Each structure stands twice: as structure tokens, then as C-alpha cells.
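Some notes on the structure that comes next.
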Amino acid sequence: MGAPPIPALIARLVYFMIRLENVSKMYGSELPAVRDASFDVPKGEFVFLVGPSGSGKSTLLRLMNRQERPERGNVWVAGRNINEMANSQIPFLRRTMGNVFQDYKLLPNKTVFENVAFALEVIGKPKHVIGQQVPQVLDLVGLSGKEDRFPHQLSGGEQQRVSIARAFVNRPLILLADEPTGNLDPATGEGIMGLLDAINRTGTTIVMATHDHRVVNAMRRRVIQLDRGVIVRDQERGVYE
Amino acid sequence: MGAPPIPALIARLVYFMIRLENVSKMYGSELPAVRDASFDVPKGEFVFLVGPSGSGKSTLLRLMNRQERPERGNVWVAGRNINEMANSQIPFLRRTMGNVFQDYKLLPNKTVFENVAFALEVIGKPKHVIGQQVPQVLDLVGLSGKEDRFPHQLSGGEQQRVSIARAFVNRPLILLADEPTGNLDPATGEGIMGLLDAINRTGTTIVMATHDHRVVNAMRRRVIQLDRGVIVRDQERGVYE
Amino acid sequence: MIQRLSYAFRETIASFRRNMTLSVAAVITSAVSLLLVGTTFLIQRAFDNLLTQWRGDVGMIVFVRPDVTPEALGFIKQNLESQPNVIDVKKLEYLDKTQSFAEAQRVFAGDPTTLSLLSIETIPSQFKVVPKTTDPELVRSLANQYRTLPGVAGVSLAEDEFDVISTLSGFVRTVTIGMSLVLLAVAVILIWNTIRTAIFARRREIEVMKLVGATDWFIRVPFILEGLIQGLAGALVSCAGLWGLNSAWTSGVAGFKSGTGVSALVVPGSYVNGVMIALLVIGAVAGGVGSGVASSKFLDV
Amino acid sequence: MIQRLSYAFRETIASFRRNMTLSVAAVITSAVSLLLVGTTFLIQRAFDNLLTQWRGDVGMIVFVRPDVTPEALGFIKQNLESQPNVIDVKKLEYLDKTQSFAEAQRVFAGDPTTLSLLSIETIPSQFKVVPKTTDPELVRSLANQYRTLPGVAGVSLAEDEFDVISTLSGFVRTVTIGMSLVLLAVAVILIWNTIRTAIFARRREIEVMKLVGATDWFIRVPFILEGLIQGLAGALVSCAGLWGLNSAWTSGVAGFKSGTGVSALVVPGSYVNGVMIALLVIGAVAGGVGSGVASSKFLDV
Ligand SMILES: Nc1ncnc2c1ncn2[C@@H]1O[C@H](COP(=O)(O)OP(=O)(O)OP(=O)(O)O)[C@@H](O)[C@H]1O
Ligand SMILES: Nc1ncnc2c1ncn2[C@@H]1O[C@H](COP(=O)(O)OP(=O)(O)OP(=O)(O)O)[C@@H](O)[C@H]1O
Ligand SMILES: [Mg+2]
Ligand SMILES: [Mg+2]
């Protein structure tokens with residue numbers, strides 16, 4: 001099987017927003033956190049990553065924004081091999097993707113407004129655009145009126161929603177969400193899922209790690225299941241088992 | 001209605017492991033996070049706190065270990081009014097209760113073993129007891145083999161389980177658990193709930209804030225529901241609505 | 001660009017307010033260490049003044065025989081004046097017998113016996129010579145040369161004194177300049193150290209910023225500005241301190257008897273101003289570069 | 001108790017390893033600032049030596065008329081010796097005519113004219129007197145008193161020199177002691193500042209420890225130990241530096257011509273050792289107390 005001609009390769013990689021080729025990641029001398037993972041995510045798809053605690057979901061997401069680099073294999077994002085990217089290019093890669101981190105990673109010294117605005121400051125959006133878009137997004141996640149609070153003045157679920165707001169305020173190509181409903185009650189969680197669904201319908205590719213079987217079962221999208229670092233299931237319109 | 005005689009009062013307060021009397025808590029000039037909350041938790045009971053994100057569950061728990069002090073009302077724990085307790089007494093109050101924090105609050109510069117051992121060091125347990133009890137507890141939460149990791153080297157769910165292990169390693173009278181299964185997959189979560197149930201059966205009073213309706217519905221214990229800081233339901237053998 | 005800059009400025013100001021403890025610590029450290037640097041500079045200058053004055057006092061006296069002929073005297077004078085590179089002709093002074101006798105009365109006022117031995121007839125007249133060079137060897141050879149001139153009774157040279165002051169001068173200058181430089185290095189190390197600690201305390205923030213897509217410079221510029229302002233603020237405080245110290249010093253020294261040489265220890269205001277400007281520049285640069293370098297350490301996330 | 005202590009020690013060591021950046025910063029700061037303190041102490045001592053030596057050189061000469069009677073001479077001698085509190089009797093020296101003439105030959109070696117005026121017959125004999133007091137007024141009144149004695153030709157007093165050295169001595173001592181104290185304060189502030197910043201960076205940890213039921217002292221002891229060790233480590237480094245500096249200084253000074261007084265600037269080894277011990281104590285106390293106080297700030301959670 002010969003290599004495809006370059007233009008065809010690029011076409012395929014662009015079509016696949018994210019592509020993992022035999023990716024393995026190990027921390028130190030431990031058992032690999034991800035072993036020989038391969039899958040493609042076409043543009044506009046919504047993928048759930050499921051699996052027990054410690055099975056490698058967060059690691060997979062971290063490989064996609066180069067928080068981690070794999071020991072083996074390649075990760076392609078929007079047609080580019082991100083493992084071979086120069087360090088100076090990484091910020092621009094990350095601006096094409098929104099991230100909801102499992103531990104939120106809010107800036108403790110910035111208010112809710114500033115935390116969300118930060119994602120826009122970074123790409124040099126003018127002040128009036130920020131002043132308009134941020135309150136709008138905060139309203140969508142139900143945090144109107146809490147703009148001037150600092151993260152430590154918020155409840156767990158509120159912090160999580162700030163993280164979600166920051167992740168999609170700059171309308172990224174890709175949204176990587178790690179357990180975005182873990183600290184939300186079912187009603188609020190459903191609201192957030194409706195939001196993610198709407199964002200997905202505008203063409204944004206979403207990869208979401210979750211334990212929330214209700215969410216997975218309700219949405220009926222593609223499910224990739226991990227077990228001790230290995231992909232054991234990759235199913236269109238799957239459910240949480 | 002006259003005040004009960006002192007011995008009767010004490011007897012009642014000891015019988016009620018935790019007792020809130022018209023407790024209100026507001027942060028700054030905001031709407032109160034908890035408004036006029038009153039309830040008793042008898043020794044050995046298992047109570048779920050439920051309610052939407054931001055309804056005041058964590059605040060209620062923080063009032064019980066004096067992380068916060070109420071603007072109005074009294075909080076009694078094991079027969080003592082903790083709001084009138086001298087600061088020097090607080091550490092001893094906190095040693096009678098284990099805490100699972102919503103954001104885990106692990107010590108970043110200590111290993112998993114040391115984090116759990118810390119709760120025993122604090123009460124002056126000798127080294128050989130620590131060396132025996134900690135691995136045992138870590139095994140119960142499924143973290144054997146990860147003793148020497150630092151918190152940042154763990155997955156979200158693993159960190160959460162370290163927090164749980166630390167909370168009950170010293171066999172506290174009371175266990176306050178804030179969303180202890182939020183980052184756990186259903187199977188691991190059920191394991192942890194089984195553990196909490198077993199701990200409860202040894203006489204430990206447990207108050208647990210949670211969003212996990214499956215857990216609440218499966219356990220069928222007392223449910224206190226909050227909405228915007230107000231207790232709207234207090235039901236024996238309740239379900240998540 | 002403009003919003004990047006405005007972001008950087010807002011960010012800097014906000015960070016100042018929110019990290020009060022760290023900012024205050026950095027300002028205190030810079031202030032204290034720069035004050036030390038400034039003080040050494042002033043001390044160095046004061047010593048320099050003192051030594052220069054002392055050295056100016058060291059001269060040579062060429063005694064002329066009482067029975068000298070006018071020609072010989074003229075020859076001596078001419079000889080002295082012919083070397084304007086070596087001796088300070090403007091300060092060259094001739095005391096005739098009357099003046100020499102008057103000076104002897106003054107010099108030996110406490111020594112009536114010696115005085116009683118002197119008479120206006122037998123007293124030698126004298127040339128007071130101030131050498132331009134400070135090299136003791138040269139001065140000595142000069143004295144020997146004058147001794148051979150006809151009509152010269154002898155040459156008196158405060159040789160020992162000259163030696164000591166000359167060596168001391170070089171020595172003190174080396175020591176104080178060395179000390180200033182060392183303290184300068186110390187100040188830079190301390191400022192850098194404090195800023196590094198402060199940024200270390202905020203490394204998680206830097207990590208998060210990078211994860212949200214901030215470039216290294218986007219993160220670094222507010223830190224650099226902050227360090228620069230902290231250094232500058234510290235330098236301002238140290239300037240105020242230096243000014244106060246110098247005033248106290250000046251008025252303290254003014255209390256001394258004049259002529260004791262202690263008044264030479266006063267440092268001219270222009271020099272003090274120069275030192276203050278230097279401190280401001282050092283503070284700003286050490287702060288800015290320090291935090292630039294320190295923040296870079298945590299940029300490899 | 002025993003496990004509490006062992007916990008504190010293990011904790012301290014672990015914390016050192018895990019907070020390398022902060023620990024190193026604290027050690028550097030203490031080392032640098034204590035080195036400054038130590039250096040000023042040595043400088044102060046060196047100046048003290050120098051001034052003491054200079055002052056020892058300042059004496060008084062009581063000239064006795066050449067035609068004095070033995071009774072008068074005996075009376076003068078007796079008078080001088082009768083005041084052992086004021087003058088140093090052991091250093092009292094009488095030069096008879098021969099000796100005085102010999103000394104004059106030496107003193108006026110460069111001044112042949114004056115020399116030619118002197119003869120063994122006409123030269124006054126002299127008492128060399130070293131006053132014990134350093135108060136210029138007292139010495140002056142003493143001189144005046146001697147002037148009135150029968151047979152005394154005059155009293156020569158290096159009054160100006162005496163004045164300067166005496167004032168300078170007090171002045172330099174005040175300045176150097178002041179500087180040592182200021183630098184001591186500076187060192188303590190800097191060490192405290194660094195430790196405060198380091199503890200600030202770890203305030204979340206303190207908060208968590210409190211929530212798990214740790215008492216204030218349980219939290220504080222490892223911090224105090226850590227600060228103490230950091231201060232001690234810094235002091236050790238500064239002692240090494242001081243020792244090196246002093247060696248360099250001593251050998252540098254040894255290169256000077258003897259008799260210029262510069263050799264007085266060498267500080268005795270025992271004094272250096274004393275300063276080193278003081279630095280170790282200061283470092284340990286500043287570090288320990290500093291972190292105790294700084295950690296208390298974050299204990300009110
Ligand atoms: N920095 C690290 N060093 C060592 N091991 C690590 C590190 N980060 C993660 N791991 C390990 O890698 C495995 C996968 O972790 P990962 O965070 O991807 O799990 P996860 O599927 O997200 O789990 P969870 O559902 O609990 O968040 C876990 O066993 C974890 O202990
Ligand atoms: N330090 C604070 N300052 C101001 N407001 C606060 C502070 N802490 C909490 N709040 C507010 O108090 C309310 C209750 O917070 P709490 O953390 O108790 O909610 P919760 O029920 O635990 O929510 P979640 O399920 O999201 O964790 C929220 O609206 C929150 O914004
Ligand atoms: Mg995870
Ligand atoms: Mg909460």
C-alpha cells in the first residue's frame with residue numbers, strides 16, 4: 001500500500017479535524033496511560049470519551065492540545081502534525097481549540113469576566129468586542145450577575161461553567177471538554193449539554209470526556225470507550241455501558 | 001415554651017450529632033447563600049444534600065466545620081456550639097470530622113501516601129500505625145500502587161479518591177463529603193458509595209452533598225433539598241427529584 | 001497592537017493590586033539594596049574628596065641660604081618655573097626673609113626655645129612648591145634635583161605623609177569602587193531573587209495562560225512591566241532614603257570645626273543627583289530584565 | 001511528642017527538596033545580606049584599629065630650658081609623675097641634651113639650615129609625655145599647666161592633629177557602628193521578606209492543613225525549622241565569603257610598606273571568628289522567627 005499523494009493526504013487530514021495514529025503515552029516508567037490509540041474525528045463531529053477513572057480520557061485530550069507529547073505515534077489537528085510543530089506555533093494551535101479542563105484551570109487573580117475575556121485578549125480582540133461577547137456567553141451558562149466575582153467566590157458548579165464559557169467564547173474550531181458536567185446538577189447539566197449541542201451544530205468539532213451516562217445516553221452520539229489506556233469500543237450513536 | 005433544663009439540652013444536642021438553628025450565611029452584600037436553615041442530624045444518620053448548582057450545599061458543609069461562620073443562627077456539633085468555640089479549639093473539632101472537599105484540597109507537595117497520612121500525623125498517631133492504616137485505606141478506594149505519586153500525577157477521579165481516603169482514615173465521628181463521586185465513573189462511584197455505606201454502618205454520621213441522582217435514588221436515605229439557599233424539602237428515605 | 005498594550009498595562013496594574021504581598025516584598029528588597037549601593041557611591045566620593053584635599057596640602061619647601069646672591073635666587077626661581085608640567089607654577093610662592101621669619105614665628109609658636117634661636121638675619125628664605133604629580137618617586141627625584149642647585153640650603157619634603165596619602169588614596173578608591181560594584185551585583189541578585197520567588201508563586205497562572213493560547217511575549221510583557229515598576233518604585237524609595245541620609249550627613253559634617261578636613265566629606269549635590277538617576281535606571285533595568293528572565297523559566301510548559 | 005518531632009523534621013527536609021527554588025532564594029538572600037553585615041563589622045574594627053594607633057602616636061613634648069637647674073628639672077619630673085591618671089607614666093621619657101640633639105639631627109635631616117642653627121649647648125632637653133586621656137580640652141589644659149612650671153621653655157602639642165583624630169575617631173566609630181546596625185536591620189528585613197514571599201506562595205497548603213485539623217504550632221514548627229535552617233545555611237555561606245574576603249584583605253594589606261599605618265587595618269582572627277558566630281546566630285534567629293511570624297499571617301484561615 002503506497003503513500004497517498006500529498007494533496008490527497010492533506011485533503012484527508014483536513015477533512016479529519018483530529019486524527020490519532022497509533023498513539024502511546026506513558027508517564028515515567030508506569031504502565032502506558034494510552035496505548036496504541038488510533039481514530040479520526042471528522043469536522044463537525046461530536047465524540048464522547050468514556051471509561052473508568054484513570055483509563056486515559058484526560059490524557060487523550062491533553063495529547064490533542066499538546067499539553068503532553070506521545071512517546072509513539074502522531075497526532076494531527078486541522079491537517080497539521082502537532083508533535084512536529086515548533087513551540088512558537090503552539091499558542092496558535094491552542095487558539096483554534098477551546099478547552100474545558102477537568103480542574104477548570106481558572107486564573108485565581110482574575111474575575112469571572114476577566115477569565116472569560118482572557119481567551120479574547122489573547123487573540124487581540126478589541127475592547128468593545130470583548131465587552132459585548134463576554135456577558136453574552138456568561139448569560140448562556142447562567143452566570144449573569146457574577147461577572148465581578150473571583151473564582152474562589154464561586155460554587156464548584158459555577159467555576160465549571162466559567163471554564164465552559166471561556167472555552168467557547170472565541171468560537172473555536174474544536175472544543176475539548178473534560179468532564180464539563182461533573183459538578184453540575186442534572187438540570188444545569190442538561191442546559192450545558194443543550195448549549196454544546198447548539199455549538200456543535202454551528203460546525204464546531206467537540207470531543208468530550210464524561211462519566212455522565214445520562215448525558216451520553218440522551219445525546220446518542222459517537223462513543224469511544226477506553227479501558228486502562230486501550231480503546232475497547234468506538235461506536236456511532238453509542239450509549240454508556 | 002420555656003427553655004429545657006441544661007442536662008436535657010445537652011442530651012438532646014449530643015443525640016443530634018449536628019444541629020443547625022436558623023442559620024443564615026451571606027457573602028458580602030450578596031443574596032444569602034444559606035437562609036434560615038434549621039435541621040438536626042442524629043448520630044449515625046446518612047443525609048444527602050441536594051439542589052441546583054449554587055444553591056448553598058457546600059456553604060452548609062463549610063458552616064459545619066467552621067470554614068465559614070454564619071451571620072445569624074447557631075451550629076452545634078457533638079453538643080458544642082462551634083460558633084462560640086475558641087480558635088484554638090477548632091483543630092480538635094476538625095479532627096472529629098473527615099472532609100471530602102469539592103476541589104479535593106490535596107497538598108500538592110505531598111505524595112498520595114503522605115496526603116492520607118497527614119490526617120493521622122496531625123493527631124499524633126505513631127509511625128507504625130500510619131504505615132499500616134494508610135495502605136489499607138488506599139486499597140479500599142482502589143489506589144494501591146499509586147502511593148508515591150504526587151497529586152498532579154493523578155487523574156481527576158484518582159485525586160478525588162485520595163481526598164476520600166484522607167477523610168475517613170482517622171475514623172471520624174462525622175464525615176462531610178462534598179460531591180465525592182463527581183469525577184468518578186458509575187462503577188467506581190458505586191464502589192465508593194458502598195464504602196461510605198459501610199462506614200456509616202459503623203456509626204459514623206455522614207452528610208453528603210451530591211448531584212448524582214443515581215446514588216441518591218439507590219441509597220434511599222434522608223434527603224435535604226436546597227434551592228437558592230432555602231431548605232425546600234427534608235425527607236426520610238428520599239429520592240433525587 | 002493597541003489593545004495588546006492596553007491589556008498589558010491594565011494587567012500590570014491589576015496584578016499590582018492583587019499580589020500586594022509579593023509586590024511590596026519586591027519593592028522593599030529593591031529599595032533596601034539600591035539604598036546600599038547609593039550609599040557606597042556617596043561614601044566613595046566623600047573619601048575621594050578627602051584624599052584629594054589632603055594630597056593638595058602636601059608640598060615641598062626649597063630653603064634658600066640666607067647669604068644667597070640675587071643671581072642664584074633668580075636661577076633657582078627660573079629653574080622652578082621652567083617645569084610647569086611637574087610643579088604647579090600658579091601655586092609657587094616665594095617667602096623672603098621677613099615672611100619666612102613671620103611664618104617661623106607662627107609654626108614654632110608652641111616652641112619658644114627653637115623660636116629664640118631664630119633671627120631675621122640667619123633665617124633661610126624659602127620657595128613653597130606644590131608638585132603636580134602624585135607619584136612619590138618623581139617628587140623625590142625632583143627634591144634631589146633642587147638640592148643640587150647653587151644657593152639651596154636644603155629641601156624639606158613631607159615624604160612619609162605623601163607616601164601614605166598616595167597609597168591610601170589608591171587603596172581606598174579600589175576598595176570603595178570594589179564595594180560599590182559588589183553591592184550593585186548584590187542589589188541585582190536580590191531584586192532578581194525576589195521577583196523570581198514572586199513569579200514562582202504564580203507559575204500555575206502562567207501555565208494556564210499558555211493553555212488558553214497566550215504567546216510567551218503576551219505573558220511576559222505584563223510581568224516585565226510589573227518588575228520594571230517594582231524596581232522603579234524601590235529605586236524611588238531608595239532615592240528618598242539617600243537624599244535624607246545625605247542631608248543628615250551634610251548637616252552633621254557642618255558641625256565639625258572647619259580646617260579639620262572633615263568638611264571635605266560633603267558630597268556635592270550634583271553628584272548625589274547623578275547617583276539617584278543611576279539608581280532609578282538600575283532599579284528599572286534589574287526589575288524588568290529580572291522578571292523577563294524569571295518568567296521565561298516557567299514558560300516552557 | 002516524639003512522632004510530632006520526627007514529623008516536623010521529616011517535613012522540613014522534604015519541604016527543602018520540594019521547594020528548591022524558594023529555599024535557594026532564601027539562602028541566597030540571607031547569605032548576601034549577612035555577608036554585608038559581617039563586612040561592615042570588619043571594616044568598623046579595622047578603622048578602630050587604625051585610629052587607635054594614630055591616637056597612640058600623638059604626644060606632648062615639654063621642652064626644658066638648656067640652663068635649667070637640676071632642682072627645677074627634678075621638680076618638673078616629679079610634677080609629671082605625680083599625675084599617673086592623666087599621663088602614661090610608663091611612657092614618660094626624658095631626653096637629655098645629647099639625646100635631644102641626636103633627635104634633632106634626625107628630625108631636621110631634610111632641613112640643613114635649621115640644623116646648622118642648633119648646637120648641643122643651646123638645645124633644650126625634653127620630656128616626651130603621652131597623655132592617657134583623649135579629651136582635647138583636658139590635654140590642652142595640661143599643656144598650659146606645664147608651661148607655667150619653672151624651667152620649662154615651652155610645651156609643644158600636636159593640637160590640631162590631636163583634635164582631628166579625636167573627632168574623627170568618634171565620628172568614624174558612630175558611622176561604622178551605625179552602618180553595621182542598619183545593615184543588620186536590612187539583613188533581617190530581607191531575610192524576613194524572602195521567607196514571607198516563600199510562605200505566601202504556600203498559603204493554600206497552610207489553609208488545607210488547618211482544614212484537616214492541624215494546630216497552628218503543628219503547621220508552624222516545620223516552617224520555623226525550615227526558616228532556621230535556611231538562615232543558618234545562608235549564614236554559613238556568608239561566613240565562607242567573609243573568611244575569603246578577610247584573607248584577601250589581610251594579604252592585600254601585607255603588601256603595603258610597614259609604618260604607613262595601613263597594617264593596622266588587619267583585623268585579628270579572633271574578632272573575625274566572633275563575627276562569624278554572630279552571623280550564624282543572627283541568620284538562625286532571623287530565619288526561624290521570620291518564618292514563624294510569616295506563617296502566622298496565613299494561619300488565620
Ligand atoms: N503526570 C502523571 N504522571 C504519572 N501518571 C499520570 C500522570 N497523569 C496521569 N497519570 C496516570 O495516567 C492514567 C490516566 O490518567 P487520565 O487523567 O488520563 O485518566 P482519566 O481517564 O481522565 O481519569 P478520570 O476519569 O479519573 O479523570 C492514570 O492512571 C493516572 O494515574
Ligand atoms: N466566598 C464567596 N463569596 C461570595 N459568594 C460566594 C462565596 N462562596 C460561595 N458563594 C456563593 O454562594 C452561593 C452558594 O455557593 P455554594 O458553594 O454553597 O453552592 P453549591 O450548592 O455547593 O453549588 P455547586 O453544586 O455548584 O457546588 C453561590 O451562589 C456562590 O456563588
Ligand atoms: Mg480525567
Ligand atoms: Mg458546592
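Predicted model only: the values in this text are computed from it and were never measured. Labels below follow one simple rule: chain letters A, B, ... track the order of the sequence lines, proteins then strands, and each chain is numbered from 1.
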Item to complete: Report the distance from atom CD1 of I199(B) to atom CD1 of I164(B), rounding to the nearest 0.5 Å.
Response: 9.0 Å

Worksheet item: Rounded to the nearest 0.5 Å, how far apart are CG of L184(A) and CD1 of I192(A)?
Response: 6.0 Å

Discussion item. Between L49(A) and V207(A), does the side chain to side chain contact (heavy atoms under 4.5 Å, CB included) criterion hold? Intermediate values first, please.
Written reply: CA-CA 7 Å; L49(A) 290 179; V207(A) 181; 4.0 Å; yes

Worksheet item: Between V100(B) and F168(B), is a side chain to side chain contact (heavy atoms under 4.5 Å, CB included) present by the stated rule, with each step listed?
Response: CA-CA 9 Å; V100(B) 183; F168(B) 75 83; over 6 Å; no

Worksheet item: Among A187(A), P186(A), G56(A), which residue forms the greatest number of heavy-atom pairs with chain B at distances under 4.5 Å?
Response: P186(A)

Worksheet, complete the sentence: Note: vs chain B, highest number of non-hydrogen pairs under 4.5 angstrom among G182(A), A33(A), P52(A) is P52(A)

Item to complete: Report the C-alpha distance between M193(A) and M208(A) in whole Å, list the side-chain angles of each, state the deciding distance to 0.1 Å, and finish with yes or no for side chain to side chain contact (heavy atoms under 4.5 Å, CB included).
Response: CA-CA 11 Å; M193(A) 285 318 295; M208(A) 168 172 162; 3.5 Å; yes

Response to the item:
For L61(A) and L176(A), the nearest pair of non-hydrogen atoms, with its separation, is O-CD1, 3.9 Å

Worksheet item: Applying the side chain to side chain contact (heavy atoms under 4.5 Å, CB included) test to F39(A), which of V23(A), I231(A), V47(A) qualifies?
Response: I231(A)

Check chain A against chain B and list any donor-acceptor pairs under 3.5 Å.
from	atom 1	to	atom 2	distance (Å)
E30(A)	OE1	R149(B)	NH2	2.9
E30(A)	OE2	R149(B)	NE	3.2
S53(A)	N	D185(B)	OD1	2.8
S53(A)	OG	R161(B)	NH2	2.8
Q102(A)	NE2	N183(B)	OD1	3.0
R149(A)	NE	E30(B)	OE2	3.2
R149(A)	NH2	E30(B)	OE1	3.0
R161(A)	NH2	S53(B)	OG	2.7
N183(A)	O	H211(B)	NE2	3.1
N183(A)	OD1	Q102(B)	NE2	3.0
D185(A)	N	H211(B)	ND1	3.3
D185(A)	OD1	S53(B)	N	2.8
H211(A)	ND1	D185(B)	N	3.3
H211(A)	NE2	N183(B)	O	3.1
H213(A)	NE2	R214(B)	NE	3.2
R214(A)	NE	H213(B)	NE2	3.2

